Number of protein chains: 2
Amino acid sequence: MSDSARDKEIVTRDGRATIVDVARRAGVSKSTVSLVLSGSSLVADATRQRVSAAMSELGYIYHRGAATLRGARSGVLGMVINDLSNPFFVEMAIGIEEACQGGAFIPFLANAAENSLRQLQVLRSMREHGAAGILLSPAIDTQLSELKPLLGDMPVVQVMRRLPGLKASVVAPENKEGARKATAYLIAQSHRRIAFVGGLASMTVRDERLAGYRAALDAARIPFDPALVIETMTSYAGGGTALPQLLNIAEPATAALCFNDVVAIGMMRALAAAGVAVGRDFSLVGFDDIEEARHTYPALTSVAVNGKNLGARAAQLLMRQLASGNFAPETVLCPATLVVRASSGAAPRTGASA
Amino acid sequence: MSDSARDKEIVTRDGRATIVDVARRAGVSKSTVSLVLSGSSLVADATRQRVSAAMSELGYIYHRGAATLRGARSGVLGMVINDLSNPFFVEMAIGIEEACQGGAFIPFLANAAENSLRQLQVLRSMREHGAAGILLSPAIDTQLSELKPLLGDMPVVQVMRRLPGLKASVVAPENKEGARKATAYLIAQSHRRIAFVGGLASMTVRDERLAGYRAALDAARIPFDPALVIETMTSYAGGGTALPQLLNIAEPATAALCFNDVVAIGMMRALAAAGVAVGRDFSLVGFDDIEEARHTYPALTSVAVNGKNLGARAAQLLMRQLASGNFAPETVLCPATLVVRASSGAAPRTGASA
DNA sequence: AGGATTTATTGGCACGTTCCAAATCAGACT
DNA sequence: AGTCTGATTTGGAACGTGCCAATAAATCCT
């Protein structure tokens with residue numbers, strides 16, 4: 001009995017069928033099943049169909065672990081995003097997803113929430129699973145030294161954020177130029193006391209945007225006033241906290257360029273609560289142009305970065321590098337254009353300047 | 001030469017060190033390294049340290065594929081979310097993430113964007129990688145028959161959404177009761193022409209919320225008018241399209257309960273554009289209470305579901321089931337409470353009723 | 001001291017897949 | 001009939017890790 005019984009029990013163990021089970025069922029060798037799996041043209045049509053039938057009859061599932069063991073690549077891309085509570089990064093993630101549609105890769109997202117320890121765990125886990133590549137927007141306090149050994153030889157594309165010194169491709173918006181344009185626009189609206197609000201000093205993105213702000217001031221011969229530059233958390237709440245420091249001073253600000261839209265919207269709410277008419281008494285400009293910027297009241301003027309496009313470009317770059325095997329770091333800058341809406345306008349005439 | 005050379009070359013192949021390489025370097029057997037890896041108390045402290053040192057010297061990375069091959073569980077949870085452009089689901093995902101902090105599991109997120117084909121791919125990929133369990137918010141048009149074989153014996157917890165007939169745990173808000181409370185509140189504000197706006201008929205969540213809406217009407221002896229129930233896409237844009245059908249009719253609506261906040265906010269914008277004062281001329285109530293609801297103007301009255309809590313509860317349930325090995329389906333209902341803000345108020349006295 | 005028990009360590013096999021070289025087969029041609 | 005060619009198919013032999021049974025070393029008990 002034992003011999004015939006062994007022949008009959010096709011599915012071994014805990015219900016998970018293997019290619020050997022499939023092979024036995026279809027009356028071929030496991031090698032043939034493997035060929036069918038990889039879509040090889042070597043196998044005859046009739047055989048292919050017999051094997052496919054056996055697979056679905058047994059509810060076969062491919063065991064990727066066994067495959068990566070033999071060196072096969074896994075077909076997953078890891079995205080590591082750090083601030084999913086900022087809609088901009090969600091739009092970026094969606095852009096990445098969409099760019100991968102129909103391609104050979106499936107992206108998985110992990111949110112590290114600015115926790116660099118968690119970021120390390122997540123990256124390690126992705127590497128352990130044999131991710132083919134990584135799309136990374138590093139946590140604010142990421143240490144280069146701890147990140148480097150973990151990434152090893154995995155192809156990495158940095159999106160939006162960038163870790164100085166990391167030898168990896170970068171896809172980012174023209175932060176400096178965008179901020180310069182926005183500030184120049186406010187100056188053209190005859191604002192002279194223009195604040196820069198939001199973000200923490202350790203963020204490279206903020207450095208770039210701040211540099212654009214200063215460049216525009218310099219070009220207009222407006223002196224830079226450190227009192228008008230305020231660090232905050234990059235959250236709705238953060239935007240609110242900045243307000244007193246801008247209005248309760250000798251020469252109050254009449255306009256603000258915010259580090260991003262989330263901060264701007266938080267600030268807009270605080271302004272409304274303080275009875276200041278945004279767009280008339282005070283001009284507000286955000287950055288990123290998230291979808292919500294169109295729905296605020298008044299609608300928010302913002303520097304459009306197009307997060308979806310940014311994500312898509314990054315995903316395309318990574319997939320192109322994976323396909324070609326050439327991982328030389330590249331830098332892609334995406335345009336940032338000013339979108340004027342109702343939250344900004346001419347400076348009120350009460351100011352000290354002409 | 002060949003013999004001594006073979007002994008010296010610790011790291012084989014393409015730079016990836018194995019447990020055997022580590023063992024040789026530390027002067028122990030691979031079994032001992034394996035024990036160190038699993039944190040066993042069997043291994044002596046001195047040995048453990050020697051092994052750990054060897055691991056970091058070689059830049060060893062654990063090969064999870066090989067481990068799952070031997071039957072080990074992978075430590076990843078898969079979350080499959082379908083509408084990441086709805087901030088509610090983002091909040092839910094963050095809740096899941098937070099609940100996994102410090103636990104033994106790392107959650108990976110995949111966005112299927114209501115594409116059931118993609119959802120299948122993503123689920124298959126997660127299963128192939130040996131995910132320990134799945135947190136699923138199924139795509140709208142998911143077919144039970146195609147989902148079932150793919151899930152197989154993987155533990156699944158459905159969050160927010162639910163696929164009728166799927167034998168898996170569910171964590172969801174009290175949709176019916178929440179909608180009932182919101183509608184009763186509008187009735188108490190003396191509204192009589194109350195619309196229900198948004199969502200598509202195929203959504204179970206909508207069915208439940210609509211049922212609550214009807215229950216409140218029935219309790220107040222207000223006749224149900226199908227003309228006041230409008231299907232839309234669950235997007236900002238969708239909310240806007242509904243407006244003409246509510247105002248350009250014989251007895252216009254004076255209030256609306258929206259399927260969710262995104263629809264409500266879209267509708268609020270359309271109302272503002274039409275010159276209708278939200279909160280005075282027209283009362284608007286959303287559902288979910290996403291963070292943005294507090295930032296609209298006027299601030300949006302909404303039925304608070306607490307997406308973070310919902311996600312956290314689901315993650316806890318799944319992890320508890322994984323720890324105990326008992327996968328009997330459970331149902332967890334989370335409270336939904338009405339949060340009144342400025343977007344709703346008493347009905348204008350121009351109406352036909354008392 | 002000698003066995004019993006505990007504490008550390010170790011080979012070797014198995015897991016499910018891919019790849020390679022080799023084998024088989026069906027015609028076609030010499 | 002034998003040989004060649006191209007089209008299919010097939011046995012292994014890895015890949016890196018976990019587990020089990022066995023061993024070696026150290027400690028205990030009487």
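Residue numbers begin at 1 in each chain, while the letters A, B, ... track the order of the sequences. The model shown is predicted, which means the values in this text are computed figures rather than measured ones.
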Quick one: [X] [atom1] to [N] [atom2], roughly how many Å, whole number?
{"X": "A/Arg24", "N": "C/dT17", "atom1": "CZ", "atom2": "C1'", "value": "16 Å"}
{"X": "A/Leu42", "N": "C/dA21", "atom1": "CG", "atom2": "P", "value": "14 Å"}
{"X": "B/His129", "N": "C/dT17", "atom1": "NE2", "atom2": "P", "value": "14 Å"}
{"X": "A/Leu37", "N": "C/dT18", "atom1": "CG", "atom2": "C1'", "value": "11 Å"}
{"X": "A/Glu128", "N": "D/dG18", "atom1": "CD", "atom2": "P", "value": "10 Å"}
{"X": "B/Leu35", "N": "D/dC20", "atom1": "CG", "atom2": "C1'", "value": "12 Å"}
{"X": "A/Leu58", "N": "C/dG16", "atom1": "CG", "atom2": "C1'", "value": "15 Å"}
{"X": "A/Ile19", "N": "D/dG11", "atom1": "CD1", "atom2": "C1'", "value": "13 Å"}

Any A/Ser34 side-chain N or O less than 4.0 Å from OP1/OP2 of C/dT18: yes

N-O pairing of B/Asp153 and B/Arg127 below 4.0 Å: yes

Carboxylate-amine/guanidinium contact A/Glu57 A/Arg50, below 4.0 Å: no

Minimum-distance nucleotide to B/Lys30 side chain [options: D/dG18, C/dT18, C/dT9]: D/dG18

Expected output: side-chain B/Gln119 to main-chain B/Val80 donor-acceptor under 3.5 Å: no

Residues which pass salt bridge (Lys or Arg N to Asp or Glu O under 4.0 Å) with A/Arg320, listed by chain and number, not counting sequence neighbours: A/Glu330

Between B/Gln158 and B/Ser137, a side-chain donor and acceptor under 3.5 Å: no

Donor-acceptor side-chain pairing of B/Ser85 and B/Asp83 below 3.5 angstrom: yes

C/dG11 base / B/Ser31 side chain donor-acceptor hit below 3.5 Å: yes

Most 5' of A/Ser38 and B/Ser29 on DNA chain C, judged by nearest nucleotide: B/Ser29

Touch class at under 4.0 angstrom, heavy-atom based, for B/Val28 against every strand present: sugar-phosphate

Shortest non-hydrogen contact between A/Arg16 and A/Asp21, atoms and distance: O-OD2, 4.3 Å

Members of residues 60-76 of chain B that approach DNA chain C, where some heavy atom sits under 4.0 Å away: B/Leu69, B/Arg70

